[in-house]
Amino acid sequence: MGEGARQGRGTVAMAAIFPVLRGLLFAGVGLGIGAGLAVLFTNLTGRPAKEPVIALGYVFALIGWLLGVGMWDSWAKEWFGGKAHIQHGGGVGRYFRFTTDHKVIGIQYLVTMVVLFLLAGIGALVMRVELADAGQNLLSPGDYNTAMSLHGIIMIAVAVATIIGGFANFTLPIMIGANDVAFPRINALSYWIVPPVAVLLVLTPVFGGFDNGWTGYPPLSVVNAPGALLFLLAFLTFGLSSILGGINFVATVITLRAPGMTWSRLPIFVWAVFAAALISFIATQWVAYALLMVILQRIFGMPFFNPPGGNAVMYEHIFWFYSHPAVYIMILPAFGIFLEILSHFSRKPLFAYKWVVRAFLLIVVMSFVVWAHHLFTSGMNSRIHLPFMVLTELISIPTGVVFLSALGTIWRGRMWLTTPMLFALAMVFNFLIGGLTGLFLADVPTDIQLQDTYFVVAHFHYTIMGGEIFAIMAAIYYWFPKITGRMYNETLGRVHFVGMTLFYNVTSIAMFVVGTAGMNRRVADYPADLSGTNLFITVASFLLAASFLPFVYNMVASWTRGPKAAANPWGARTLEWQTSSPPPLENFEHPPVIDDPYGYGSPARQPVAGPAYGAAPGSGD
């Protein structure tokens with residue numbers, strides 16, 4: 001009897017992951033076809049075969065993977081006159097197939113990105129072991145640069161995709177009263193493009209690594225090991241996913257709002273995702289062009305960035321024309337998260353709602369005219385230093401409006417200091433430091449002194465880690481009951497918050513110290529007199545990593561056996577809390593009633609307290 005049960009479970013597990021196994025098989029077939037075509041081409045042209053085999057083999061492997069994992073059955077059959085079939089069944093198997101349910105896709109993104117986040121964190125610890133003392137300790141300079149580059153690009157991917165791909169996918173359609181996104185199959189496609197990106201990045205060390213950093217500047221990215229080609233292909237592929245996601249969310253917000261969900265009633269998180277999606281759709285194409293030119297120069301010798309016709313600074317301009325707006329692809333949704341949480345847990349209407357919306361849209365426009373402050377030391381024409389310095393400082397004005405909204409919202413509010421609220425408050429503090437230190441890098445005289453030092457590393461980490469990652473943690477705890485139907489352990493959540501906040505700030509503030517002392521970033525060695533501070537940073541970084549252990553345990557244990565969550569444990573007023581936890585397939589059993597999402601100044605529903613979490617403050621005050 002026991003043996004039969006085990007065999008039954010094995011059969012169920014095999015059926016659940018069958019689409020992934022079929023995708024791997026089709027990817028292998030595609031790889032063989034692409035590699036064969038590349039060999040044939042190089043034999044005819046006399047060019048070296050290695051990198052064409054990698055590039056063309058990957059393109060066909062990606063196509064095979066997508067068809068095998070479910071795109072053929074769910075979509076591509078229609079292109080040839082067949083009948084597509086989309087499977088919506090429950091169980092664990094839904095997370096391993098090409099499904100169009102936006103909630104399942106959101107969870108696929110979230111789990112994938114959390115795993116990648118933890119992997120990138122391990123890479124950071126490896127770097128900190130090397131930097132604990134001056135001189136070469138654990139890694140060669142090339143291996144250190146590969147570890148640094150992998151850490152950087154994986155964290156960028158996590159920052160770009162976790163909120164838009166994960167939380168926005170799960171919650172945004174529900175928040176506007178829709179049943180799904182505008183293009184469900186494109187939504188599924190945008191996720192299933194991501195696993196091959198992760199595989200390529202993990203394989204880069206096998207192909208010699210890549211020592212050009214996450215920015216991929218030529219000429220180094222043109223002449224280094226084949227691992228750099230895998231990085232370029234991964235970055236380009238991830239860009240395609242980002243473009244598809246941007247198009248989808250813009251179309252969803254414009255066309256699928258429920259009757260009565262006017263623009264002025266949109267939750268601020270929806271506005272934030274809409275603004276970020278506009279940038280994602282418009283800007284990502286430019287970095288795709290830049291990466292494609294580097295790939296073509298590597299494989300075919302096209303001299304895009306070689307004098308006299310081109311130069312490496314041209315790549316930098318194209319790259320940062322995307323990559324500075326990309327900062328707002330990451331941070332605008334984070335702004336939306338912490339403003340949502342601050343309003344709901346302060347039991348107050350969102351302060352200056354319309355001004356925040358205007359600020360978001362102004363950030364979208366201004367993000368495209370500030371890119372060259374990254375190039376003050378590149379040798380570009382000095383006459384354009386002043387305009388870009390002024391424009392970069394001006395973009396702090398709409399960002400300041402967001403902070404004023406946050407402060408006005410919590411002012412005299414009845415704050416309920418749950419774990420999501422604590423992380424939201426910490427994000428306000430952290431991003432304030434990131435914004436203030438960014439002024440030094442926007443001004444030409446100080447930027448020239450601080451460029452390529454650990455001051456830049458600390459500033460960037462306060463913006464992305466201290467800003468967005470803290471917002472992601474707030475969102476995980478906030479929407480965990482809605483996504484899983486379970487409540488997390490509040491005590492473990494608070495332990496995670498205290499440890500992460502304390503050791504994150506200790507680690508990053510110390511980086512400002514070594515940065516102002518002239519310690520260079522992206523270099524495996526430094527002057528011996530900075531060894532003491534670097535050892536301190538390394539110890540603090542390991543304590544920061546340890547602070548995530550309660551988080552991992554809390555998430556896994558609570559998802560599997562946590563207490564059942566009420567439909568609205570926070571007493572919030574946005575639509576995702578007006579349906580069951582987790583929501584049904586089409587989100588609502590009955591058409592939702594559209595109301596002011598922040599109408600806490602009028603009589604309202606009394607919030608429901610979660611088990612063992614204490615009573616929520618009243619919402620009618």
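In this chain, numbering begins with 1 at the start of the sequence shown.
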Original post:
Under a 4.5 Å cut-off applied to non-hydrogen side-chain atoms, are I279 and F368 in contact?
Top reply: yes

Correct closest heavy-atom pair for G413 and K348 would be CA-CD, 3.5 Å

NE2 of H324 to CE of M366, rounded to nearest 0.5 Å, is 9.5 Å

Side-chain donor or acceptor of N169 paired with backbone N/O of G106 under 3.5 Å:
no

Look only at the side chain of Y598 and the backbone of I268, and say whether a donor-acceptor pair between them is shorter than 3.5 Å. yes

Is there side-chain contact between V194 and M113, with at least one heavy-atom pair below 4.5 Å? yes

(message) Pairing donors with acceptors under 3.5 angstrom, does anything connect the side chains of Y109 and S190?
(response) yes

Evaluate the side-chain proximity of Y477 to I341: yes if any heavy-atom separation is below 4.5 Å, no if none is. no

Item to complete: Say whether Y478 and T418, considering side chains only, have a donor N or O and an acceptor N or O under 3.5 Å apart.
Response: no

*Step by step, work out the side-chain contact (heavy atoms from CB on, under 4.5 Å) result for R561 and R486.*
CA-CA 8 Å; R561 58 179 184 271; R486 305 275 183 173; 5.6 Å; no

**Prompt:** For the side chain of T579 and the backbone of L575, is there at least one donor-acceptor N/O pair under 3.5 Å apart?
**Reply:** no

CG (L116) and OG1 (T162) are apart, to the nearest 0.5 Å, by 8.5 Å

Quick one: does S405's side chain have a donor or acceptor within less than 3.5 Å of a partner on V401's backbone? no

Charged N-O contact under 4.0 Å between D596 and R573
no

Is any side-chain heavy atom of Y553 closer than 4.5 Å to a side-chain heavy atom of S558?
no

Set out, in order, the CA-CA distance, both residues' side-chain angles and the distance that settles side-chain hydrogen bond (donor to acceptor under 3.5 Å, both in side chains) for W371 and Y322, then state yes or no. CA-CA 8 Å; W371 79 90; Y322 156 78; over 6 Å; no

To the nearest 0.5 Å, atom NZ of K482 lies from atom CZ of F170 at 8.0 Å

**R257 side chain to I254 backbone, donor-acceptor under 3.5 Å** = yes

message = Under a 3.5 Å distance rule, please check whether R265 uses its side chain to pair with a backbone N or O of D595 as donor and acceptor.
response = no

Of I153, I193, I156, V160, the one forming a side-chain contact (heavy atoms from CB on, under 4.5 Å) with F238 is V160

Q | Heavy-atom side-chain proximity of Q108 to F96 below 4.5 angstrom | A | no

From the list F548, F551, F470, F423, ring-ring contact (aromatic ring centres under 6.0 Å, His included) with F497 holds only for F423

Exercise. Are R22 and W72 in a cation-pi setup, meaning NZ or CZ lies under 6.0 angstrom from the ring centre and within 45 degrees of the ring axis?
Worked result: no

Looking at E576, is its backbone amide N or carbonyl O close enough to the side chain of T574 to form a donor-acceptor pair, meaning the two atoms are under 3.5 Å apart?
no

Report task. Look at the side chain of N554 and the backbone N and O of L492, then say whether any donor-acceptor pair between them is shorter than 3.5 Å. Result -> no

Which of D180, N587, T171 passes side chain to side chain donor-acceptor pair (under 3.5 Å) with K103? Answer is N587

Open item on the list: Within the supplied structure, the quantity of interest is the number of heavy atoms (other residues, nucleotides, ligands) at a distance under 6.0 Å from W214 CH2; does it exceed 12?
Closed with: yes

The reported gap from CG in L66 to CH2 in W192 (rounded to nearest 0.5 angstrom) is 10.0 Å

Query raised in the report: Heavy-atom distance under 4.5 Å between the side chains of L339 and F269, does that happen here?
Result: no

Requested in this report: Report yes if some heavy atom in the side chain of T252 is under 4.5 Å from a heavy atom in the side chain of T255; otherwise report no.
Outcome: no

Quiz item: Distance only, no hydrogens: is a donor on one side chain within 3.5 Å (strictly under) of an acceptor on the other, for H461 and Y504?
Solution: no

Distance col, row K83:NZ vs D73:CG, nearest 0.5 angstrom, shows 13.5 Å

Exercise for the section: For the pair W271 (side chain) and W263 (backbone), establish whether a donor and an acceptor sit closer than 3.5 Å, ignoring hydrogens and angles. Expected result: yes

Side chains of F480 and S581 in contact at under 4.5 Å (non-hydrogen atoms): no

Rounded to the nearest 0.5 angstrom, the CE-CG distance for M427 and L422 is 15.0 Å

For A276, is there any backbone N or O sitting under 3.5 Å from a side-chain donor or acceptor partner on S280?
no

Point to revise | W79 atom CH2, over 12 foreign heavy atoms within 6.0 Å | key: yes

Between T419 and E490, does the side-chain hydrogen bond (donor to acceptor under 3.5 Å, both in side chains) criterion hold? Intermediate values first, please.
CA-CA 7 Å; T419 302; E490 180 70 17; 3.0 Å; yes

*With distance as the sole criterion, is a donor-acceptor pair present between the side chains of Y58 and T237 under 3.5 Å?*
yes

In terms of heavy-atom contacts, I105 and T99 come closest through CD1-O, 3.3 Å

